[in-house]
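Chain letters run A, B, ... following the sequence lines, proteins first, then strands; residues in each count from 1.
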Amino acid sequence: MFDIKWIRENAEAFDRGLKNRGMDPASAQAIALDDERRAILGKLQDAQARRNAASKEIGKAKAQKDEDTAQALMAEVADLKGVISTGEDDERRVDQTIETLLAALPNTPLDDVPVGADENDNALVRTVGEPPKFDFAPKEHFELGEALGLMDFETASKISGARFVVLKGALARLERALGQFMLDVHTTENGYTEVNPPLLVRDQAAYGTANLPKFAEDLFQTKEGFWLIPTAEISLTNLVRESILDESDLPKRFTACTPCFRSEAGSAGRDVRGMIRQHQFAKVEMVSITTADKGIAEHERMTAAAEDILTRLGLAFRTMLLCTGDMGFASQKTYDIEVWLPGQDAYREISSCSVCGEFQSRRMSARYRPSEGKGVHHLTTLNGSGLAVGRTLIAVLENYQQADGSIVIPEVLRPYMGGLEQIEAPAT
RNA sequence: GGAGAGAUGGCUGAGUGGUCGAAAGCACCGGAUUCGAAAUCCGGCGUACGGGCAACCGUACCGGGGGUUCGAAUCCCCCUCUCUCCGCCA
């Protein structure tokens, strides 16, 4: 959500941001509406001031038994009533129009974000680790999992339909191990507080992170009106909604491992096989709440925390700086981390870390009191996956597969697997 | 599912028609006192919008919307949310 004052003072930057995202400029319309609002407000306030003054005089006149004066003043106030009532209606209407306009506009990309149309214009930031070499043709994760008899799409579809999976035995445990490992690293080494948040949220929470009103079709909704979270970003970021924090309490860092639910409307035909794109998946989310001047540093820190998980798992990856056309709605700047998948012979997204500036906090009314100076300011919010657990499982299977179909367990996960060193080859 | 209570400033909490943007306490800020600190005392301390170079002025805001009234935190209606008790359930 934009601040209309900021748009007034930075109309050019605002329109450039929209243009870079492939949208039409909107500053002229927004400012015109705001001009209208100010004009209405001026008239309304004059009328209200006169009414307030007259009402006081009426009180005085009545106290002095000056009935004539009181009657005259009352007539005047009666006239003002219509002006005030119309003014209030007009103001509400214009406010609503402005709100609707602004709520549908995406955040302004930072200056160092490459301008581009789609993922082909993303910039490579770094490549870390070497893709493993195989002396056989590496399989895709679903081939491996199904051969092990521990990954069952058929049964899942009987229960829930397409885009669901049943994991069993060592694979079910591997998913749990991955989530635990990630949480342990983030809580003990990266300063994040573990949270077990609600998975069903209200309109206002989803609006706060800007999943609503524009992206309702991507979400599942219960018949009572709750939204199933598509990411714990919603729950964790809204932890600070409608509050005023002290700057000395910042930054706040939250992490959670939760199921995520996505309708995947509009992605029909994409990644139809396997666990890459599911209606339900586990993800460890990181959310940081800080001040505007610390946002960029926090963004780098968060991205490093996500990358560190991959490094420890011995998985090769590359980090991309998303271009303007590929960035999320609320983001000012986003890094995607892509893990190497031998079975697909490709890098695939496994984490996305974004800094959102004040875009979400304005929607949530989340503010802080600066240690120096006065007033309150909006917080800066960041979110990132650290990591998508389901896709990490895929990466482990494909990168650690052996010729016989067995899977070596990465060292760091073994304590979480009861010491298990590998998932045995399928019986032949 | 049934019954009831409530929503006031950063927090707690008074306030049932004008003198209320709102008592008091806490928290916070400044000062006095002290070698320093605690305690104590004095003073300050809401948000948003509009106008003004500024000091400052105006308007709105006591959950949201509507109504009554010359005038509403206060009375009436609707909505939203929160809590309590009973029942049911993990």
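The partner of B:A14 cannot be assigned: no Watson-Crick or G-U wobble pair with both contacts below 3.5 Å exists in any strand. The partner of B:G71, taking Watson-Crick or G-U wobble pairs whose two distances both stay under 3.5 Å, does not exist in any strand shown. B:C89: no Watson-Crick or G-U partner with both key distances under 3.5 Å is found in any strand. Here B:G58 sits opposite B:C49 as a Watson-Crick or G-U wobble pair (both hydrogen-bonding atom distances under 3.5 Å). B:A22 is unpaired under the Watson-Crick or G-U wobble criterion, no partner having all donor-acceptor distances under 3.5 Å. Nucleotide B:G9 forms no Watson-Crick or G-U wobble pair with any nucleotide shown, as no partner meets the under 3.5 Å limit on both distances. The nucleotide B:U40 finds its pairing partner in B:A32, both defining distances of the Watson-Crick or G-U wobble pair being shorter than 3.5 Å.
B:G4 sits 30 Å from B:C11 when the P atoms are compared, rounded to a whole Å. Between B:U34 and B:U59, the distance separating the two C1' atoms is 47 Å to the nearest Å. Spacing of C1' atoms, B:U69 relative to B:G18, comes out at 12 Å, to the nearest Å. Across the P atoms, B:A39 and B:G30 are found 15 Å apart, a figure rounded to whole Å. Rounded to whole Å, the C1' atom of B:C20 lies 10 Å from the corresponding atom of B:C62. Comparing the P positions of B:G13 and B:A32 gives a spacing of 36 Å, expressed to the nearest Å. A gap of 40 Å separates the C1' atoms of B:G6 and B:C56, to the nearest Å. Atom name P, nucleotides B:C70 and B:C57: the rounded distance is 31 Å, in whole Å.
Between A:K283 and A:T231, the side chains place a donor N or O and an acceptor N or O closer than 3.5 Å (distance only, hydrogens not considered). Between the side chains of A:T291 and A:D293, at least one donor N or O sits under 3.5 Å from an acceptor N or O. Side-chain atoms of A:S331 and A:N107 form no donor-acceptor pair, as typed in the model, at a separation below 3.5 Å.
In this structure, of B:C49, B:A48, B:G10, it is B:A48 that holds the atom nearest to the side chain of A:V376. In this structure, the nucleotide among B:G10, B:G51, B:A60 sitting nearest to the side chain of A:I244 is B:G10.
At the heavy-atom level, A:K43 lies nowhere under 4.0 Å from the strands shown. As judged by a 4.0 angstrom heavy-atom cut-off over every strand, A:R92 is placed among residues touching the sugar-phosphate backbone only.
Straight-line distance from the CD atom of A:Q96 to the P atom of B:G64: 15 Å, rounded to whole Å. Residue A:D46 contributes atom CG, which lies 13 Å from atom P of B:G58 at whole-angstrom precision. A:D34 places its CG atom 10 Å from the C1' atom of B:C49, with the value rounded to the nearest Å. Atom-to-atom, CD of A:E242 to C1' of B:G64 comes out at 13 Å; the value is rounded to the nearest Å. When the C1' atom of B:A48 is taken as reference, atom CG of A:L41 falls 11 Å away, rounded to whole Å. One atom, CD1 of A:I4, and another, P of B:C49, lie 11 Å apart when rounded to the nearest Å. The separation between A:R38 atom CZ and B:C49 atom P is 9 Å, rounded to whole Å. Rounded to a whole Å, the NE2 atom of A:H377 is 9 Å from the P atom of B:A48.
Salt-bridge formation is not detected for the pair A:E398/A:R348: no Lys NZ or Arg NE/NH1/NH2 atom is positioned less than 4.0 Å from an Asp or Glu carboxylate oxygen. Salt-bridge formation is detected for the pair A:R37/A:D34: a Lys NZ or Arg NE/NH1/NH2 atom is positioned less than 4.0 Å from an Asp or Glu carboxylate oxygen.
By the 30° and 60° cut-offs, the orientation of the rings of A:Y335 relative to A:H299 is parallel.
Sequence order on RNA chain B of the closest nucleotides to A:K5 and A:Q48 puts A:K5 first from the 5' end. Residue whose closest nucleotide on RNA chain B sits further toward the 5' end, between A:L44 and A:R367: A:R367.
A 6.0 Å sphere centred on CZ of A:R8 holds more than 12 heavy atoms belonging to other residues, nucleotides or ligands.
Listed pair A:R202 / B:U82 meets the phosphate criterion, a side-chain N or O lying under 4.0 Å from OP1 or OP2.
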